[in-house]
Amino acid sequence: MWENEYLCSQKTQKKEIDMTKDIYLAGGCFWGTEHFFKQIEGVVETEVGFANGHTENPTYKEVYTDTTGHAETVHVRYNAEVVSLKFLLQMFFKAIDPTSLNKQGHDEGTRYRTGVYYTQDDDLPVIEQVFAEEQQKYQEPLAVEKQPLQHFYTAEEYHQDYLDKNPTGYCHLPFELFEFAKKAKEQK
């Protein structure tokens, strides 16, 4: 009996792993962007770091100078059976000003640019669709990068889950947005 339960549990875990996908989202300061995505049902893991710059293994201090070309980015791992890429991207656009170049909230610089960085070519049609839908809402062009992920370097440990560790810490996103994300449900 116990053996059957164990095997069933193993199959369930393997299926969850098989349905796990990744997307990398740059939405300004990564502290708030990470916290926002952690609230969404179906997101199984987040990690903050630096993406698509021209230096290897940058530190936060180096990225902060805006000389590395990296964007503060959140690696979002999600269960595709629970939440779709389309829904995550729609939520992403609710958390950014998509027409602002290199600026989100009070944060300015190329490290705060917005972007969607993908690792699977089959994600591109969904990304293109959401971008087209979002563009219809604005007269000016979107200032959100849409590129394959070139590389991602994990940020220092003290940046990971920053707003969980520092609940009153700085964030460019309004705290009401986190509650919105927690309650948001994809209509399937």
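Just so you know, residue 1 is the first one in the sequence shown, and it goes up from there.
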Judged by atom type as modelled, is there a donor-acceptor pair below 3.5 Å linking the side chain of Asp107 to the main-chain atoms of Lys103?
no

With heavy-atom distances below 4.5 Å as the criterion, would you say the side chains of Lys21 and Thr119 are in contact?
no

Residues clustering with Tyr24 (ILVMFWY side chains joined when closer than 4.5 Å, directly or via others)
Tyr117, Leu149, Phe152

Gln160 side chain to Ala155 backbone, donor-acceptor under 3.5 Å
yes

Hydrophobic side-chain clustering at under 4.5 Å (ILVMFWY, transitive links): who's grouped with Val82? Put none if nobody.
none

Side-chain (His172) to main-chain (His106) donor-acceptor, under 3.5 angstrom
no

Counting only heavy atoms from other residues, nucleotides and ligands, does the tally under 6.0 Å from NZ of Lys165 exceed 12?
yes

Would you say Glu34's side chain and Asp161's backbone share a donor-acceptor pair under 3.5 angstrom?
yes

Would a distance-only check, ignoring hydrogens and angles, find a side-chain to backbone donor-acceptor pair under 3.5 Å from Thr55 to Pro58?
no

Would you say the side-chain atoms of Lys182 pair up with the backbone N or O of Phe36, donor to acceptor, closer than 3.5 Å?
no

Would you say that Thr46 contacts Arg77 through its side chain, given a criterion of any heavy-atom pair below 4.5 Å between the two side chains?
no

Between Asp97 and Tyr138, does the side chain to side chain donor-acceptor pair (under 3.5 Å) criterion hold? Intermediate values first, please.
CA-CA 11 Å; Asp97 175 352; Tyr138 301 93; 5.8 Å; no

Within a reach of under 6.0 Å around CD of Glu56, are more than 12 heavy atoms found that belong to other residues, nucleotides or ligands?
no

Do other residues, nucleotides or ligands put more than 12 heavy atoms under 6.0 Å from the CG atom of Asp122?
yes

Less than 4.5 Å apart, side chain to side chain, heavy atoms only: is that true for His70 and Asn52?
no

Got a donor-acceptor contact below 3.5 angstrom from the Thr73 side chain to the Leu25 backbone?
no

What residue pairs, at least two apart or across chains, pass ring-ring contact (aromatic ring centres under 6.0 Å, His included) with a residue in residues 44-64?
Phe30-Phe50, Tyr60-Tyr64, Tyr60-His159

Check whether Glu179 reaches the backbone of Phe175 with its side chain - one donor and one acceptor, N or O, closer than 3.5 Å.
no

Side chain proximity check, Lys137 to Phe93, heavy atoms < 4.5 angstrom:
no

Under the salt bridge (charged side-chain N to carboxylate O under 4.0 Å, His left out) definition, can you give me all pairs with a residue in residues 57-68, not counting sequence neighbours?
Asp66-Arg111

Shared-cluster residues of Val44, by chain and number - hydrophobic side chains joined below 4.5 Å:
none

Does Leu173 reach the side chain of Trp31, with side-chain heavy atoms less than 4.5 Å apart?
no

Considering only heavy atoms from C-beta outward, does the side chain of Phe37 approach that of Tyr78 to under 4.5 Å?
no

Could you check whether atom CD of Gln135 has more than 12 heavy atoms from other residues, nucleotides or ligands sitting under 6.0 Å from it?
yes

Do the numbers put Lys146 on top of the ring of Phe131, so that NZ or CZ is under 6.0 Å from the six-membered ring centre and no more than 45° off the axis?
yes

Test side-chain hydrogen bond (donor to acceptor under 3.5 Å, both in side chains) applied to Glu186 - qualifying residues, sequence neighbours left out
Ser84

